[in-house]
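Down below is the structure, laid out as C-alpha coordinates.
Everything quoted here is computed from the prediction, not taken from an experiment.
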Amino acid sequence: MKIMILANNHVPWSNSTMMRPDLVQQMLKHIGSDLFYIDTVEKAGRFEIEIFGTLKAEGLTQEQAYYACENSFHWQVGLMGASADFRKLQRDLGPNNGGDSVVKLLSDGPGGKIYSVTSGDAGYSEAGCLIADRKTYLSGCGYNGMYNVLLGQGQCELKDFEHRSQSVPWLATFKPDTTISSLGQVSPTTSQSESRASSATCTVLSPTELLDRQTCGVAVNAGQTADGTNTDRYEFTWPSGNKTIITKTGDKLQINGKVARPVTDSVYTFCVLNTDTGNRFCFKS
(Lines give C-alpha, C1' and ligand atoms only; values in the text may rest on other atoms or scores of the structure.)
Protein backbone atom coordinates (compact mmCIF):
# COMPACT_ATOMS: atom_id res chain seq x y z
CA MET A 1 0.00 0.00 0.00
CA LYS A 2 2.87 2.42 0.78
CA ILE A 3 4.37 1.72 -2.64
CA MET A 4 1.03 2.41 -4.35
CA ILE A 5 0.56 5.64 -2.41
CA LEU A 6 4.06 6.79 -3.36
CA ALA A 7 3.58 5.74 -6.98
CA ASN A 8 0.37 7.76 -7.34
CA ASN A 9 1.76 10.95 -5.83
CA HIS A 10 2.53 13.66 -8.35
CA VAL A 11 6.04 14.84 -9.09
CA PRO A 12 6.39 18.46 -7.83
CA TRP A 13 5.61 21.04 -10.54
CA SER A 14 4.51 18.28 -12.91
CA ASN A 15 1.45 16.29 -13.97
CA SER A 16 3.49 13.04 -13.87
CA THR A 17 3.05 10.49 -11.11
CA MET A 18 6.05 9.46 -9.03
CA MET A 19 6.09 5.99 -10.62
CA ARG A 20 4.66 4.81 -13.93
CA PRO A 21 1.97 2.10 -13.54
CA ASP A 22 3.93 -0.31 -15.74
CA LEU A 23 7.01 0.11 -13.52
CA VAL A 24 4.93 -0.87 -10.48
CA GLN A 25 3.62 -3.82 -12.51
CA GLN A 26 7.15 -4.95 -13.32
CA MET A 27 8.21 -4.60 -9.68
CA LEU A 28 5.35 -6.77 -8.50
CA LYS A 29 5.99 -9.41 -11.18
CA HIS A 30 9.59 -9.94 -10.05
CA ILE A 31 9.77 -11.80 -6.75
CA GLY A 32 12.69 -12.21 -4.33
CA SER A 33 16.07 -12.23 -6.06
CA ASP A 34 14.43 -12.09 -9.50
CA LEU A 35 15.02 -8.37 -9.96
CA PHE A 36 13.76 -6.02 -12.67
CA TYR A 37 16.75 -4.00 -13.84
CA ILE A 38 16.70 -0.46 -15.23
CA ASP A 39 19.52 -1.36 -17.60
CA THR A 40 18.70 0.36 -20.90
CA VAL A 41 18.08 3.88 -22.18
CA GLU A 42 14.49 2.91 -23.01
CA LYS A 43 13.72 1.82 -19.44
CA ALA A 44 15.34 4.89 -17.89
CA GLY A 45 13.46 7.17 -20.29
CA ARG A 46 10.11 5.44 -19.97
CA PHE A 47 10.25 5.38 -16.18
CA GLU A 48 11.64 8.94 -15.92
CA ILE A 49 14.82 7.92 -14.15
CA GLU A 50 17.56 10.53 -14.47
CA ILE A 51 21.00 9.24 -15.45
CA PHE A 52 24.14 11.06 -14.29
CA GLY A 53 27.64 10.85 -15.74
CA THR A 54 26.76 10.42 -19.42
CA LEU A 55 28.88 11.97 -22.14
CA LYS A 56 27.13 14.95 -23.67
CA ALA A 57 27.18 14.96 -27.45
CA GLU A 58 28.14 18.03 -29.44
CA GLY A 59 25.98 18.94 -32.41
CA LEU A 60 22.99 16.99 -33.66
CA THR A 61 23.15 14.28 -36.32
CA GLN A 62 20.41 12.63 -38.37
CA GLU A 63 20.67 9.53 -36.21
CA GLN A 64 20.38 11.47 -32.95
CA ALA A 65 17.39 13.43 -34.24
CA TYR A 66 15.65 10.21 -35.29
CA TYR A 67 16.07 8.61 -31.86
CA ALA A 68 15.10 11.85 -30.08
CA CYS A 69 11.80 11.83 -31.96
CA GLU A 70 11.00 8.14 -31.54
CA ASN A 71 11.99 8.05 -27.87
CA SER A 72 10.00 11.19 -27.08
CA PHE A 73 6.87 9.45 -28.37
CA HIS A 74 7.46 5.92 -27.13
CA TRP A 75 8.51 6.89 -23.61
CA GLN A 76 5.01 8.27 -23.13
CA VAL A 77 3.43 4.96 -24.18
CA GLY A 78 5.42 2.08 -22.71
CA LEU A 79 8.29 -0.29 -23.38
CA MET A 80 8.43 -1.16 -27.08
CA GLY A 81 8.82 -4.79 -28.16
CA ALA A 82 11.42 -3.96 -30.83
CA SER A 83 14.01 -1.19 -30.54
CA ALA A 84 14.04 1.62 -33.09
CA ASP A 85 17.14 1.20 -35.27
CA PHE A 86 18.21 4.05 -37.54
CA ARG A 87 21.10 2.16 -39.14
CA LYS A 88 18.89 -0.79 -40.03
CA LEU A 89 16.43 1.70 -41.48
CA GLN A 90 19.21 3.15 -43.63
CA ARG A 91 20.11 -0.31 -44.92
CA ASP A 92 16.46 -1.16 -45.63
CA LEU A 93 15.96 2.07 -47.60
CA GLY A 94 19.05 1.38 -49.69
CA PRO A 95 22.17 3.39 -50.56
CA ASN A 96 20.31 5.97 -52.66
CA ASN A 97 17.86 7.09 -49.99
CA GLY A 98 19.83 6.35 -46.81
CA GLY A 99 18.06 8.09 -43.96
CA ASP A 100 17.44 11.30 -45.93
CA SER A 101 13.83 10.38 -46.70
CA VAL A 102 13.15 9.91 -42.97
CA VAL A 103 15.31 12.66 -41.44
CA LYS A 104 15.69 15.94 -43.33
CA LEU A 105 17.74 18.97 -42.35
CA LEU A 106 15.39 21.97 -42.46
CA SER A 107 17.62 24.66 -40.99
CA ASP A 108 21.28 25.08 -40.07
CA GLY A 109 21.63 28.65 -38.81
CA PRO A 110 23.43 30.32 -35.90
CA GLY A 111 20.84 28.92 -33.52
CA GLY A 112 21.66 25.32 -34.44
CA LYS A 113 20.27 22.60 -36.66
CA ILE A 114 16.59 21.71 -36.98
CA TYR A 115 15.61 18.33 -38.44
CA SER A 116 12.27 17.05 -39.68
CA VAL A 117 11.81 13.41 -38.64
CA THR A 118 9.22 10.95 -39.96
CA SER A 119 8.50 8.37 -37.26
CA GLY A 120 8.56 4.67 -38.02
CA ASP A 121 4.95 4.68 -36.78
CA ALA A 122 3.83 6.83 -39.73
CA GLY A 123 1.53 5.11 -42.19
CA TYR A 124 -2.22 5.13 -41.74
CA SER A 125 -1.78 8.07 -39.34
CA GLU A 126 0.64 10.96 -39.14
CA ALA A 127 3.69 10.59 -36.92
CA GLY A 128 6.70 12.89 -36.91
CA CYS A 129 8.68 15.63 -35.18
CA LEU A 130 10.86 18.65 -35.59
CA ILE A 131 13.99 18.26 -33.44
CA ALA A 132 16.40 21.14 -32.83
CA ASP A 133 19.87 21.54 -31.39
CA ARG A 134 19.97 24.70 -29.28
CA LYS A 135 23.67 24.29 -28.39
CA THR A 136 23.07 23.82 -24.66
CA TYR A 137 19.85 21.79 -24.95
CA LEU A 138 17.55 20.02 -27.40
CA SER A 139 13.96 20.89 -28.16
CA GLY A 140 11.20 19.38 -30.24
CA CYS A 141 7.55 19.27 -31.17
CA GLY A 142 5.40 16.74 -33.02
CA TYR A 143 2.48 14.33 -33.03
CA ASN A 144 2.17 10.54 -33.21
CA GLY A 145 -1.28 9.53 -34.42
CA MET A 146 -0.73 5.82 -33.78
CA TYR A 147 -0.59 6.42 -30.03
CA ASN A 148 -2.24 9.86 -29.95
CA VAL A 149 0.66 11.43 -28.07
CA LEU A 150 2.24 14.86 -28.41
CA LEU A 151 5.75 16.22 -28.18
CA GLY A 152 5.46 19.80 -27.00
CA GLN A 153 2.21 21.24 -28.31
CA GLY A 154 1.95 18.81 -31.19
CA GLN A 155 2.49 19.30 -34.91
CA CYS A 156 4.57 22.33 -35.79
CA GLU A 157 6.47 24.11 -38.54
CA LEU A 158 9.61 26.23 -38.57
CA LYS A 159 7.52 29.41 -38.24
CA ASP A 160 5.88 28.30 -34.96
CA PHE A 161 8.58 25.96 -33.67
CA GLU A 162 9.72 28.18 -30.79
CA HIS A 163 6.17 28.54 -29.51
CA ARG A 164 5.15 24.89 -29.80
CA SER A 165 8.35 23.03 -28.86
CA GLN A 166 9.56 21.73 -25.51
CA SER A 167 12.90 20.61 -24.11
CA VAL A 168 14.07 17.08 -25.02
CA PRO A 169 16.62 15.28 -22.77
CA TRP A 170 20.00 14.34 -24.27
CA LEU A 171 19.32 10.75 -23.17
CA ALA A 172 16.69 10.56 -25.92
CA THR A 173 19.40 10.78 -28.62
CA PHE A 174 20.61 7.25 -27.81
CA LYS A 175 19.33 4.05 -29.42
CA PRO A 176 16.65 2.67 -27.03
CA ASP A 177 18.43 -0.61 -26.30
CA THR A 178 21.74 1.11 -25.42
CA THR A 179 22.82 -0.22 -22.02
CA ILE A 180 23.07 2.14 -19.08
CA SER A 181 26.50 0.71 -18.21
CA SER A 182 27.91 1.97 -21.51
CA LEU A 183 26.60 5.53 -21.27
CA GLY A 184 29.58 6.83 -19.34
CA GLN A 185 31.90 5.45 -21.98
CA VAL A 186 30.35 5.97 -25.42
CA SER A 187 28.66 9.02 -26.91
CA PRO A 188 25.54 8.47 -29.07
CA THR A 189 27.38 9.24 -32.31
CA THR A 190 30.59 7.25 -31.76
CA SER A 191 31.76 5.74 -35.05
CA GLN A 192 35.51 5.85 -34.68
CA SER A 193 37.51 3.45 -32.51
CA GLU A 194 37.92 4.55 -28.89
CA SER A 195 40.05 3.00 -26.18
CA ARG A 196 40.23 3.24 -22.39
CA ALA A 197 42.45 1.56 -19.81
CA SER A 198 42.04 0.92 -16.08
CA SER A 199 42.40 -1.82 -13.46
CA ALA A 200 39.90 -4.05 -11.73
CA THR A 201 39.37 -7.41 -10.02
CA CYS A 202 38.97 -10.40 -12.32
CA THR A 203 37.39 -13.64 -11.10
CA VAL A 204 36.93 -17.08 -12.68
CA LEU A 205 34.27 -19.36 -11.22
CA SER A 206 33.40 -22.94 -12.06
CA PRO A 207 29.84 -24.14 -11.42
CA THR A 208 30.95 -25.25 -7.95
CA GLU A 209 33.98 -23.23 -6.80
CA LEU A 210 36.23 -20.19 -7.11
CA LEU A 211 39.07 -20.91 -9.54
CA ASP A 212 40.98 -17.62 -9.62
CA ARG A 213 40.69 -14.03 -8.39
CA GLN A 214 43.35 -11.37 -9.01
CA THR A 215 43.81 -7.72 -9.84
CA CYS A 216 43.93 -7.34 -13.61
CA GLY A 217 44.45 -4.61 -16.16
CA VAL A 218 41.52 -3.60 -18.35
CA ALA A 219 41.62 -2.11 -21.84
CA VAL A 220 38.37 -1.27 -23.63
CA ASN A 221 38.07 -0.52 -27.34
CA ALA A 222 34.77 0.60 -28.85
CA GLY A 223 34.01 1.20 -32.50
CA GLN A 224 32.02 0.01 -35.47
CA THR A 225 32.42 -2.47 -38.28
CA ALA A 226 32.27 -1.39 -41.92
CA ASP A 227 28.53 -2.07 -42.08
CA GLY A 228 27.83 0.12 -39.03
CA THR A 229 27.51 -2.66 -36.44
CA ASN A 230 28.68 -1.60 -32.99
CA THR A 231 31.68 -3.59 -31.75
CA ASP A 232 33.30 -3.62 -28.31
CA ARG A 233 36.49 -5.39 -27.20
CA TYR A 234 37.35 -5.85 -23.50
CA GLU A 235 40.91 -7.03 -22.85
CA PHE A 236 41.71 -8.19 -19.29
CA THR A 237 45.40 -8.76 -18.55
CA TRP A 238 46.26 -11.01 -15.58
CA PRO A 239 49.49 -10.57 -13.49
CA SER A 240 50.96 -13.55 -15.35
CA GLY A 241 50.53 -11.74 -18.65
CA ASN A 242 47.74 -14.02 -19.82
CA LYS A 243 44.72 -12.29 -21.30
CA THR A 244 40.97 -12.84 -21.22
CA ILE A 245 39.35 -11.16 -24.21
CA ILE A 246 35.62 -10.50 -24.49
CA THR A 247 34.21 -9.20 -27.76
CA LYS A 248 30.70 -8.02 -28.53
CA THR A 249 29.72 -7.41 -32.15
CA GLY A 250 26.06 -6.58 -32.49
CA ASP A 251 24.27 -9.30 -30.50
CA LYS A 252 27.19 -11.75 -30.78
CA LEU A 253 29.20 -12.22 -27.56
CA GLN A 254 32.45 -14.21 -27.33
CA ILE A 255 35.10 -14.90 -24.67
CA ASN A 256 38.53 -15.94 -25.96
CA GLY A 257 36.92 -16.82 -29.28
CA LYS A 258 34.26 -19.06 -27.70
CA VAL A 259 30.53 -18.39 -27.69
CA ALA A 260 29.49 -16.67 -24.46
CA ARG A 261 26.37 -15.31 -22.88
CA PRO A 262 25.86 -12.66 -20.19
CA VAL A 263 25.10 -13.79 -16.64
CA THR A 264 23.56 -11.54 -14.01
CA ASP A 265 25.37 -11.40 -10.67
CA SER A 266 24.86 -8.39 -8.39
CA VAL A 267 28.29 -8.86 -6.78
CA TYR A 268 30.14 -7.99 -10.01
CA THR A 269 30.07 -5.25 -12.62
CA PHE A 270 29.36 -7.95 -15.21
CA CYS A 271 29.83 -11.67 -15.81
CA VAL A 272 29.89 -13.86 -18.90
CA LEU A 273 29.52 -17.61 -19.17
CA ASN A 274 31.92 -19.51 -21.40
CA THR A 275 29.51 -21.99 -23.00
CA ASP A 276 32.46 -24.23 -23.96
CA THR A 277 33.94 -24.70 -20.46
CA GLY A 278 30.93 -23.85 -18.30
CA ASN A 279 33.07 -21.40 -16.28
CA ARG A 280 32.08 -17.82 -15.54
CA PHE A 281 34.42 -14.87 -15.93
CA CYS A 282 33.44 -11.89 -13.77
CA PHE A 283 34.83 -8.40 -13.53
CA LYS A 284 34.44 -5.81 -10.80
CA SER A 285 35.67 -2.24 -11.17
Side-chain angles (χ1 to χ4, degrees), residues 1-56 67-84 119-121 125 127 129 137-154 164-185 188 205 261-273 280 282-285:
M1 178 61 70
K2 290 180 179 179
I3 290 176
M4 299 305 294
I5 292 172
L6 172 65
N8 287 318
N9 283 339
H10 279 83
V11 177
W13 306 290
S14 170
N15 61 358
S16 296
T17 55
M18 292 292 288
M19 297 173 67
R20 301 270 195 182
D22 47 338
L23 177 57
V24 177
Q25 179 183 346
Q26 291 290 350
M27 290 172 59
L28 297 177
K29 283 171 58 179
H30 291 73
I31 308 301
S33 60
D34 177 27
L35 303 179
F36 178 68
Y37 290 93
I38 306 300
D39 52 5
T40 65
V41 163
E42 179 185 32
K43 291 177 183 178
R46 166 59 186 164
F47 301 132
E48 299 180 312
I49 296 171
E50 188 172 1
I51 305 298
F52 295 92
T54 61
L55 294 177
K56 182 178 177 181
Y67 289 133
C69 180
E70 296 286 49
N71 286 330
S72 294
F73 288 144
H74 294 161
W75 290 353
Q76 299 181 62
V77 179
L79 300 179
M80 298 291 109
S83 174
S119 169
D121 297 324
S125 57
C129 314
Y137 67 97
L138 301 179
S139 60
C141 48
Y143 172 69
N144 187 316
M146 175 176 283
Y147 300 108
N148 194 31
V149 292
L150 306 177
L151 173 59
Q153 296 185 31
R164 299 182 64 81
S165 63
Q166 71 172 44
S167 176
V168 175
W170 279 102
L171 188 68
T173 61
F174 288 88
K175 190 170 182 286
D177 59 4
T178 301
T179 59
I180 298 298
S181 60
S182 71
L183 290 183
Q185 303 170 350
L205 301 148
R261 62 181 177 84
V263 178
T264 301
D265 191 326
S266 60
V267 176
Y268 302 98
T269 303
F270 75 81
C271 293
V272 297
L273 174 70
R280 284 179 294 152
C282 298
F283 151 73
K284 185 173 183 180
S285 57

Take Leu79 and Phe47 through the test side-chain contact (heavy atoms from CB on, under 4.5 Å) and record every step on the way to the result.
CA-CA 9 Å; Leu79 300 179; Phe47 301 132; 4.2 Å; yes
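Here Phe283 pairs with Phe236, Phe270 under the ring pair (Phe, Tyr, Trp, His ring centres under 6.0 Å) rule; sequence neighbours left out. Every residue was checked against the side-chain hydrogen bond (donor to acceptor under 3.5 Å, both in side chains) condition with Asn9, not counting sequence neighbours, and none meets it. By the salt bridge (Lys or Arg N to Asp or Glu O under 4.0 Å) test, Arg164 is found to be paired with no residue, residues two or more places apart in sequence or in another chain being considered. Judged as a side-chain contact (heavy atoms from CB on, under 4.5 Å), and not counting sequence neighbours, the contacts of Tyr268 are Thr203, Leu205, Arg213, Asp265, Cys271, Cys282, Lys284.
Other residues, nucleotides and ligands contribute at most 12 non-hydrogen atoms within 6.0 Å of the CD1 atom of Ile3.
Applying the side-chain hydrogen bond (donor to acceptor under 3.5 Å, both in side chains) test to every pair with at least one member in residues 70-79, sequence neighbours left out, gives these pairs: Tyr66-Glu70, Glu70-Ser119, His74-Asp121.
The structure places CE of Met19 at 11.5 Å from CD of Glu48, a figure rounded to the nearest 0.5 Å. Atom CD of Gln153 and atom CG of Leu150 lie 9.0 Å apart (nearest 0.5 Å).
The minimum heavy-atom distance between Trp170 and Leu138, with the atom names listed, is CH2-CD2, 3.7 Å. For Gly145 against Ser125, the heavy-atom pair with the smallest separation is C-OG, 3.4 Å. For Ala44 against Leu171, the heavy-atom pair with the smallest separation is CB-CD2, 4.1 Å.
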Do any side-chain atoms of residues 30-42 form donor-acceptor pairs under 3.5 angstrom with protein atoms, and if so which ones, sequence neighbours left out?
| unit_1 | atom_1 | unit_2 | atom_2 | d |
| --- | --- | --- | --- | --- |
| His30 | ND1 | Gln26 | O | 2.7 |
| Asp39 | OD1 | Lys43 | NZ | 3.0 |
| Thr40 | OG1 | Lys43 | N | 3.3 |
| Glu42 | OE2 | Met80 | N | 2.6 |

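Put simply, the side chain of Tyr137 does not reach to within 4.5 Å of the side chain of Val168, judged on heavy atoms.
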